Amino acid sequence: MKKQYDFRDIEARWQRTWEEQDLFRSTEEPKQKKYYVLEMFPYPSGKLHMGHVRNYSIGDVVARFLKMQGYNILHPMGWDSFGLPAENAAIKHGAHPAEWTTQNIQEMKHQLKQLGFSYDWDREVATYHPDYYKWMQWIFIQFFKRGLAYKKEHPVNWCPSCHTVLANEQVVEGQCERCSAVVTKKNLSQWYLKITEYADRLLEDLDTLNGWPEKVRTMQRNWIGKSEGAEVSFRLKDRGEDLTVFTTRADTLFGVTYMVLSPEHPLVKPLVKDTPYEAAALAYIERCSKMSDIERTDTTNEKTGEFLGCYAINPVNDREVPIYISDYVLLDYGTGAVMGVPAHDQRDFEFATAFGLDIVPVVHPEDPIIDVEHLKEAFVAEGSMINSGSYDGLHNTEGSRRIIADLEATGRGKATVNFRLRDWLISRQRYWGTPIPMIHCDDCGWVPEKEENLPVLLPTDVVLTGRGESPLATSPTFVHTQCPCCGKPAQRELDTMDTFLDSSWYYLRYCDAGNPEEAFRKDRADYWMAVDQYIGGVEHAILHLLYSRFFTKVFYDMGLCSVEEPFTNLLTQGMVLKDGNKMSKSMGNVVSPEEIIERYGADTARLFILFASPPEKELEWTDAGVEGSFRFINRVYRLVEEMVGVTSGIPLVYRAEGSDDKQLDYVLNHTVKRVTEDIKNRFNFNTAISAIMELVNEMYRYKELDDINLGLLACATDRLVRMLSPFIPHVAEEMWAALGNTDSVYLASWPQYDPSALVLDSVEIVVQINGKVRERAVVAAGLDRERFTEEVLTCEPVAALIEGKEIIKMIAVPDRLLNIVVKA
RNA sequence: GCGGAUGUGGUGGAACUGGCAGACACGCAGGAUUUAGGUUCCUGUGGAGCGAUCCAUGUGGGUUCGAGUCCCACCAUCCGCACCA
């Protein structure tokens, strides 16, 4: 151990040693309790940013701590390596996306190693590797075979100038981000996964995820958006067809005064064909199709629409109501059609007001202040039914039930459930993704590639221009193939998969990475799954986490794994800020991990990040704070360096004799207790570190005393280094070795505290008069309520305090306080 | 609009079950060491007041012997969803 803290030497040396010893390699040990720590794998965009460092520092503390607690740890890392940035870089610089990606992976892997994270690199996965996407394709085929993948027409954002499909993020204010042409819509046949079939389970099982933040669970609940109601069929006047609507308010059926269809509803054009209303309706539809989604869904818009010149007949009272189209009705929710009840729905109220339609109240409020006959806004609360024939007088929730039952009896309606969640559109008209392993044959339709032919390799002979529909179409070798069914000439699917598929099962691949025979062996997945602690940014609260849950449930149903939920505990870490703002190139406030590692070393970077803020909160980056963490490491280093000289050869046993010994003994054991609990129960690394700082301060005080107990000091030093090792592993390793240990501190056990050292002889307590602190007193610890009160009252200053006062009552909390309530 | 969170010194944050508000650190001030600066070590540091004391956890109420913590109302900021019938 050098006299000076030389982080460059220390960090490089120990990283090499760990690698040589294969220290972080994990294997299945059926007899040992396991713990799977997972951090969200990065997109290899170039270099690590501070958000990554924070994410992985948190995970590394958890992994190293639980390892020392005796768990068999799985702590893997990999690369979410398909995606648009690589493709864009390729178009821009002419390099192949694979080259760009591989280079970035190398760079970032190097940085991760520089930070000393305890990853089992033998289990590294990269989604762009054929060994990985082979199994991605296999999984897709299983979904297809189970009826969970299907094709459907869907409009995409289309830039008429670039002749290409744009992702939503590439559309800026309705214009192409590259050429500013006005973006239009184009219908393409695309693949979907039937996540809606799992909507109920995805919703219900959220209740079992107690280890998730409530915020994330709520976000998922809202995203799934279950609503219970009924479908009601209205007959179209003078036509044989029905118009079916979805409503959650069947109780308001008697208040229907009009109907609205979404402009894109398939019934609209037939209804107006060759009528005087056709021209206006088509013009309105045209206008809507040109609006961006943001414009169209702006709730502050005035309600617009067109009358279609026809009527629907209300099944409950045979009333004829006019039919409109309006953009406030969405095609892909419910049936794409709505019954208009202006009295009890604010949107309908606005529409009826704008078009001069009747407003018929059918629910009477309990609140007499509201005049239902002259509403200023829709009345949406509960009440009793009026103007509703035989249902009058019923409470509206009961009325709703009865109306639905009666509609079911006459075949005019049925109770249904609707979800906000839509099926997952997974087709991407991109190159850099997993090819969808499907083949179209004129005779057999869509058939999957034979499993023995997987992977369907991503062709390299494509031309990336950023133009055209699907880049794979430019490959001369890819498109044409034979039908796996009948052997006739057939064409391959030219789209690739949404990269969210790749990241929906990578945590399972880690359990059996590199297996050439299977996506993952069941017994291995069963040993490691579920992930005990998942850590990542809250930006993935909905999509990634929902898709992963969906995949796990499908795998469970297929018998591929035994858990229905992939992530038992979830920690969403806060953002890293600088000067109160998110670090970004445009703000010019980016602090790069590189420069911090270069200047202070990885241990300082990790310590600062963990100390400055609890993990779920935002973290404000400050140079002074980094400086402080660096100073603390130096302070510890000097202390241990001195201790190595003083306590070498001293056995780690002691008896605390005097009050100074007892004080250090107490602080030491108390620190072990606090640090253990702060890490294990709360992930409050900041308070764990501050507790260690207090121990260090105490040790500095103690070592200067005349009469010191070397066994105690040696023991304190040993515990100190163990406790620091999850946070600052390199320097801890250096100190650990200097203390005479030959195995890595990673393999050492986590210290235990001695409860008897925490029992104090006496305690300082507080004396309150009427709840205000008036005096302090020292009394024996561990007294019962009566003896405690007696002791305190006989203390001299306390006796003086209450002299001449009339005591009404006393509240005693032994070992803490005595509150004396006196007459004012 | 709906849902969720947050609000404590000059700053980051602590206070876990209602029981000494401000742990730990940053910053600042002073002292020691040093030729000097830096480093290191020590001391002090919420505000007002000479003082005993008083005032302080976004604001206003309430419950309680006692409230940063529990309840009600409000304000501010952030995040998510947003014409979902």
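All figures in this text were calculated on a predicted structure; none of them were measured in a lab. As a basis for the values below, the full set of heavy atoms in this structure was taken, side chains included, without hydrogen atoms, waters or symmetry mates. Every chain is numbered from 1, with letters handed out A, B, ... down the list of sequences.
Here the separation of G51(B) from G7(B), taken at their C1' atoms, is 35 Å to the nearest Å. On the P atoms, U33(B) is 15 Å away from G38(B), given to the nearest whole Å. Look at the C1' atom in both G3(B) and U8(B): the space between them is 26 Å, to the nearest Å. One C1' atom belongs to A14(B), the other to A82(B), and the distance between them is 38 Å to the nearest Å. Across the C1' atoms, C26(B) and A36(B) are found 26 Å apart, a figure rounded to whole Å. Across the P atoms, C75(B) and G60(B) are found 15 Å apart, a figure rounded to whole Å. Taking atom C1' on both nucleotides, C2(B) is separated from A48(B) by 46 Å, rounded to a whole Å. When the C1' atom is used for both A15(B) and C83(B), the distance is 46 Å, rounded to whole Å.
A25(B) atom P lies 17 Å from atom CG of L610(A), rounded to whole Å. The CG-P distance, from L695(A) to A25(B), rounds to 12 Å in whole Å. One atom, OH of Y700(A), and another, C1' of U43(B), lie 17 Å apart when rounded to the nearest Å. Straight-line distance from the CD atom of Q220(A) to the P atom of G4(B): 16 Å, rounded to whole Å. Taking atom CZ of R249(A) as the reference point, atom P of A85(B) lies 11 Å away to the nearest angstrom. Distance, D678(A) CG to C24(B) C1': 12 Å, rounded to whole Å. Rounded to a whole Å, the CD atom of E764(A) is 8 Å from the C1' atom of C20(B). Straight-line distance from the CZ atom of R674(A) to the P atom of C16(B): 11 Å, rounded to whole Å.
Only D327(A), Y328(A), V329(A), L330(A), Y333(A), V338(A), listed by number, bring a heavy atom of residues 325-341 of chain A to less than 4.0 angstrom from any atom of RNA chain B. The stretch residues 632-646 of chain A touches RNA chain B through R635(A), R638(A), each having a heavy atom within less than 4.0 Å of the strand.
With salt bridges taken as basic N to acidic carboxylate O contacts below 4.0 Å, none links E641(A) and R638(A). Note on R701(A) versus D660(A): no salt bridge recorded, every NZ/NE/NH1/NH2 to OD/OE distance being 4.0 Å or above. R54(A) and E618(A) are not joined by a salt bridge, as no carboxylate oxygen comes within less than 4.0 angstrom of a charged side-chain nitrogen.
Comparing atom distances between the R776(A) side chain and each of G4(B), C20(B), A25(B) picks out C20(B) as nearest. Out of G19(B), C20(B), G3(B), the shortest distance to the side chain of V766(A) is found at C20(B). Among the nucleotides A21(B), C24(B), A85(B), the one closest to the side chain of T247(A) is A85(B). Among the nucleotides C55(B), C79(B), G3(B), the one closest to any side-chain atom of K772(A) is C55(B).
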Hey, what are the protein-to-nucleotides 27-32 of chain B N/O distances that come in under 3.5 Å?
from	atom 1	to	atom 2	distance (Å)
G27(B)	OP2	R631(A)	NH2	3.1

I'd like a list of close polar pairs between nucleotides 63-66 of chain B and the protein, N/O only, cut-off under 3.5 Å.
from	atom 1	to	atom 2	distance (Å)
C65(B)	O2'	N819(A)	ND2	3.4
C65(B)	O2	N819(A)	ND2	2.3

Atom pairs under 3.5 Å: protein N/O with N/O of nucleotides 10-13 of chain B:
from	atom 1	to	atom 2	distance (Å)
G12(B)	O2'	A612(A)	O	2.7
G13(B)	O3'	N686(A)	ND2	3.3

| field | Dot-bracket encoding of pairs in RNA chain B, which uses [ ] for pseudoknotted crossings and | for another strand, Watson-Crick or G-U under 3.5 angstrom | value | (((((((..(((......[....)))((((((.......))))))(((....)))..(((((..]....))))))))))))....
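Counting heavy atoms from C-beta outward, Q220(A) and L202(A) have side chains that stay 4.5 Å or more apart. Counting only heavy atoms from C-beta outward, the side chains of K215(A) and T572(A) never approach each other to under 4.5 Å.
Using a 4.0 Å heavy-atom distance criterion, R422(A) is classed as a base contact. At the heavy-atom level, R420(A) lies under 4.0 Å from base atoms of the strands shown.
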Without placing hydrogens or testing angles, list every side-chain donor-acceptor pair under 3.5 Å for residues 328-342 of chain A, not counting sequence neighbours.
from	atom 1	to	atom 2	distance (Å)
Y328(A)	OH	Y258(A)	OH	2.9
Y328(A)	OH	D348(A)	OD1	2.7
D332(A)	OD1	R422(A)	NH1	2.9
D332(A)	OD2	R422(A)	NH1	2.9
Y333(A)	OH	S227(A)	OG	2.9
T335(A)	OG1	T244(A)	O	2.6
T335(A)	OG1	A337(A)	N	3.4
T335(A)	OG1	A337(A)	O	3.4

Considering only distance and modelled atom types, tabulate donor-acceptor pairs under 3.5 Å from the side chains of residues 772-781 of chain A, sequence neighbours left out.
none

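By the salt bridge (charged side-chain N to carboxylate O under 4.0 Å, His left out) test, E677(A) is found to be paired with K673(A), residues two or more places apart in sequence or in another chain being considered. The salt bridge (charged side-chain N to carboxylate O under 4.0 Å, His left out) test applied to D678(A) returns R682(A), not counting sequence neighbours. For D623(A), there are no salt bridge (charged side-chain N to carboxylate O under 4.0 Å, His left out) partners two or more places apart in sequence or in a different chain. Taking the salt bridge (charged side-chain N to carboxylate O under 4.0 Å, His left out) definition, one finds that K582(A) meets it with nothing, sequence neighbours left out.
A donor-acceptor pair under 3.5 Å links the side-chain atoms of N589(A) to the main chain of K578(A), judged by distance alone. Checked by atom type and distance alone, the side chain of H344(A) pairs as donor or acceptor with a backbone atom of F379(A) at under 3.5 Å. In this structure, Y600(A) contributes its side chain and F7(A) its backbone to no donor-acceptor pair below 3.5 Å. In this structure, the side chain of N396(A) does not engage the main chain of V363(A) through any donor-acceptor pair within 3.5 Å. Side chain of S233(A) to backbone of L243(A): no donor-acceptor contact under 3.5 angstrom is found.
Using cut-offs of 30° and 60° on the angle between ring planes, the pair Y547(A) and F500(A) is perpendicular. In this structure, H670(A) and Y666(A) have parallel ring planes: the angle between them is below the 30° cut-off, well short of the 60° mark.
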| field | Working for side-chain contact (heavy atoms from CB on, under 4.5 Å), residues M723(A) and L695(A) | value | CA-CA 11 Å; M723(A) 285 191 286; L695(A) 172 63; 4.0 Å; yes
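Using a 4.0 Å cut-off, no side-chain N or O of N697(A) falls inside it from OP1 or OP2 of C42(B).
With its glycosidic angle more than 90° from 0, G66(B) adopts the anti conformation.
Between R674(A) and N684(A), the side chains place no donor N or O within less than 3.5 Å of an acceptor N or O (distance only, hydrogens not considered).
Ring centers of Y324(A) and F351(A): under 6.0 Å apart, within the cut-off.
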